[in-house]
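Worth knowing before you read on, the calculation uses all heavy atoms, side chains too, and leaves out hydrogens, waters and symmetry mates.
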Amino acid sequence: MTESRLHIVADRNIPAVEETFGHWGTVQSVEGRSLQAADLEDADVLLVRSVTPVNEQLLADTPVRFVGTATAGLDHVDTAWLAARGIAFAAAPGANANSVVEYVLAVIAGVDDVLERLLAGGRVGIVGYGHVGRSLAQRLGAVGIASLQYDPWLDADTLPEPAALAEVLDCSVVSLHTSLTRAPPWPSYHLLAAPELATMDAKTLLINASRGPVIDNTALLARLQQSQPPRCALDVWEAEPLVPPALLAAARYGTAHIAGYSHDAKLAATRMLAEALATRFNLGEPGAGSIEPAASLSIPAELAGGALLRFLWQARYDLAADDKRLREAVLGASAADAMRGFDALRRNYPQRRELAGSTVLISNENQVALAEATGAMVERVG
Ligand SMILES: NC(=O)c1ccc[n+]([C@@H]2O[C@H](COP(=O)([O-])OP(=O)(O)OC[C@H]3O[C@@H](n4cnc5c(N)ncnc54)[C@H](O)[C@@H]3O)[C@@H](O)[C@H]2O)c1
Ligand SMILES: O=C(O)[C@H](O)[C@H](O)COP(=O)(O)O
């Protein structure tokens, strides 16, 4: 494979592909959800998102020699088949972990007095201690919020506070961050079904930003229609792009699988794939797909404690706006329009920047320690 001959087929929802990969050949943008083998007749490289199943059926009769997925999740990729065929593969582990964490923090800040209860000694139960789960535990711990973790695939001594699933589900906030697997002995498919959901009540805030099928959505809707239902924030749905209207109506927050969609995360994923391709085929440096620093954020001087944390966790990410857009697209729409609306929200997602690593302007010295604990970079002013 030489630079001048690369034909790169990429999901049009992966940003900065032309700038980053364009000098290695031609870039063709395609609709990922409807991609077929016929679209890949001349392709050397395929870049996908989670909506494209990558398997023998798609690739067997194509010349594709490298597949990159701009995602953390791999459940749409038959990695064993790719390896057996000698097709190189790369993903973007961790690229969007921070973005997902900031979605979770915005949920916590947005639901009732959950944040205050956590600061007063409540705990967050984290299910799945990979890139997102680890980052969430670290970000919570930095501001004084305790977490328990359940991840039976890992050695317990690699978890800060390992716990049984039942203990984790008993926390006031339960946040799901498992990969989607049906593999024994610990499949995450339908990890939360009727028996587990029955242990939760109105004191629980249940957050799913992992994969829809980790919760049995039929059982969840049934639980939400019973007394004392848990409060729910759902970013992922069992049969995307289908979002069951009744489930969305019953959720405190519902979003279109965009927890990982910060601008920072998307560009980081593109960069990771370009570096993997360059390494695999000795191509030299990727093109510049640089990211501008986010605009600085001024912090009102009177805020302290939970109010300051809530301000910071909501300042960069408008969760309520994402929730409103999904309800407008789904509730009252035909199923076909609702599914088109779901994909359109993801395709036209507004630019969102992350708090961690961005600059906050502070005039009140008493705010500095907590602001720094959120991962923001403090610039003293005034
Ligand atoms: N909503 C979004 O936009 C978004 C963005 C990024 C990632 N994700 C999804 O979030 C999940 C976590 O992402 P990540 O980057 O941390 O992935 P990761 O692969 O780094 O971590 C996943 C963890 O889940 C654990 N796990 C698997 N089965 C489990 C089970 N039955 N019980 C408990 N833990 C289990 C694994 O051992 C692993 O440590 C993935 O499903 C990913 O697809 C969603
Ligand atoms: O696994 C992930 O990384 C995310 O769920 C993924 O980024 C979701 O977005 P999609 O790839 O479907 O656009």
Side-chain angles (χ1 to χ4, degrees), residues 1 6-11 13-14 17 20-21 30-37 39-40 43-97 100 127-134 151-155 158 176-191 209-214 236 238-240 257 259-260 265-266 268-283 286:
M1 201 180 280
L6 275 184
H7 182 55
I8 299 159
V9 174
D11 185 315
N13 291 350
I14 303 175
V17 174
T20 314
F21 291 77
V30 294
E31 188 58 57
R33 205 181 279 287
S34 53
L35 186 74
Q36 293 177 356
D39 301 317
L40 300 172
D44 302 300
V45 172
L46 172 63
L47 306 178
V48 297
R49 305 203 62 91
S50 72
V51 296
T52 304
V54 177
N55 51 30
E56 181 174 8
Q57 188 187 344
L58 182 70
L59 296 181
D61 298 324
T62 75
V64 169
R65 288 291 166 263
F66 179 98
V67 172
T69 181
T71 62
L74 303 181
D75 44 290
H76 56 297
V77 183
D78 186 342
T79 51
W81 184 81
L82 293 181
R85 280 291 287 258
I87 299 175
F89 174 65
N96 53 15
V100 177
V127 180
Y129 196 65
H131 289 85
V132 178
R134 283 197 302 273
D151 192 328
W153 293 98
L154 301 178
D155 286 338
T158 64
L176 305 182
H177 301 292
T178 78
S179 39
L180 176 60
T181 172
R182 292 172 187 256
W186 300 292
S188 63
Y189 176 80
H190 284 190
L191 184 66
S210 60
R211 283 289 182 263
V214 173
V236 290
E238 191 158 7
E240 294 174 16
H257 196 156
K266 285 187 166 187
T270 302
R271 187 83 194 170
M272 283 172 87
L273 297 188
E275 284 170 359
L277 180 68
T279 301
R280 178 69 179 79
F281 295 112
N282 203 18
L283 297 175

So, for Ala95 and Met272, which heavy atoms are closest and what is the spacing to 0.1 Å? CB-SD, 3.7 Å
Interatomic distance, Phe66 atom CZ to Ile8 atom CD1 [nearest 0.5 angstrom]: 9.5 Å
Closest heavy-atom pair and its distance - Leu35, Val30: CD1-CG2, 3.5 Å
Applying side chain to side chain contact (heavy atoms under 4.5 Å, CB included), can you list everything that pairs with Val236, at least two apart in sequence or on another chain? Asn208, Glu240, His257
Those residues at least two apart in sequence (or on a different chain) that pass salt bridge (Lys or Arg N to Asp or Glu O under 4.0 Å) with Arg49 are none
Would you please name every residue forming a side chain to side chain donor-acceptor pair (under 3.5 Å) with Thr71, sequence neighbours left out? Thr69
Shortest non-hydrogen contact from Pro184 to Trp153? O-CH2, 3.4 Å
Looking only at heavy atoms, which two atoms of Asn96 and Ala72 are closest? And how far apart? OD1-CB, 3.8 Å
Can you find a heavy atom in the side chain of Leu6 that is under 4.5 Å from one in the side chain of Leu277? yes
From CG (Leu273) to OG1 (Thr20), nearest 0.5 Å: 9.5 Å
Hey, is the main chain of Leu58 close enough, under 3.5 Å, to the side chain of Thr62 for a donor-acceptor pair? no
Can you name the closest pair of heavy atoms from Arg280 and Ala88 and give their distance? NE-CB, 3.3 Å
For Arg33, which residues count as a side chain to side chain donor-acceptor pair (under 3.5 Å) partner, sequence neighbours excluded? Asp343
Which atom of Ser210 lies closest to which atom of Thr178, heavy atoms considered: CB-O, 3.4 Å
Under 3.5 Å: donor-acceptor pair, side chain of Ser188, backbone of Thr181: yes
Any Tyr189 side-chain heavy atom under 4.5 Å of Val214 side chain: no
Could you give the distance from CG (Leu74) to CG (Leu180), rounded to the nearest 0.5 Å? 11.0 Å
If we ignore hydrogens and angles and just use 3.5 Å, is the side chain of Thr158 paired with the main-chain N or O of Asp155 as donor and acceptor? yes
Checking Glu275 now: which residues fulfil salt bridge (Lys or Arg N to Asp or Glu O under 4.0 Å) with it, not counting sequence neighbours? Arg271
Restricting to side chain to side chain donor-acceptor pair (under 3.5 Å), what partner residues turn up for His7, sequence neighbours left out? Thr26, Gln28
Residues passing the side chain to side chain donor-acceptor pair (under 3.5 Å) test with Glu31, sequence neighbours excluded, are Arg12
Please test Ile87 against Arg65 for side chain to side chain contact (heavy atoms under 4.5 Å, CB included), starting from the C-alpha separation and ending with a verdict. CA-CA 5 Å; Ile87 299 175; Arg65 288 291 166 263; 4.2 Å; yes
Listing request: all side chain to side chain donor-acceptor pair (under 3.5 Å) pairs with a residue in residues 77-94, at least two apart in sequence or in separate chains. none
Distance check, rounded to the nearest 0.5 Å: Leu82 atom CG versus Glu56 atom CD? 10.5 Å
For Pro152, what residues pass the side chain to side chain contact (heavy atoms under 4.5 Å, CB included) criterion, not counting sequence neighbours? Tyr150, Trp186
Rounding to 0.5 Å, atoms CG (Leu59) and CG (Leu40) come to a distance of 6.5 Å
For Asp75, give me all partners under salt bridge (Lys or Arg N to Asp or Glu O under 4.0 Å), at least two apart in sequence or on another chain. Arg211
Taking only residues two or more places apart in sequence, or in another chain, which ones meet Pro53 in a side chain to side chain contact (heavy atoms under 4.5 Å, CB included)? Asn55
Measure the shortest side-chain to side-chain distance between Val67 and Val45 over non-hydrogen atoms and say whether it is less than 4.5 angstrom. no
Pairwise side-chain contact, Val17 with Leu47, heavy-atom cut-off 4.5 Å (strictly under): yes
Take Val48 and His76, measure what side chain to side chain contact (heavy atoms under 4.5 Å, CB included) needs, and give me the verdict at the end. CA-CA 10 Å; Val48 297; His76 56 297; 4.2 Å; yes
Applying ring-ring contact (aromatic ring centres under 6.0 Å, His included), can you list everything that pairs with Tyr129, at least two apart in sequence or on another chain? none
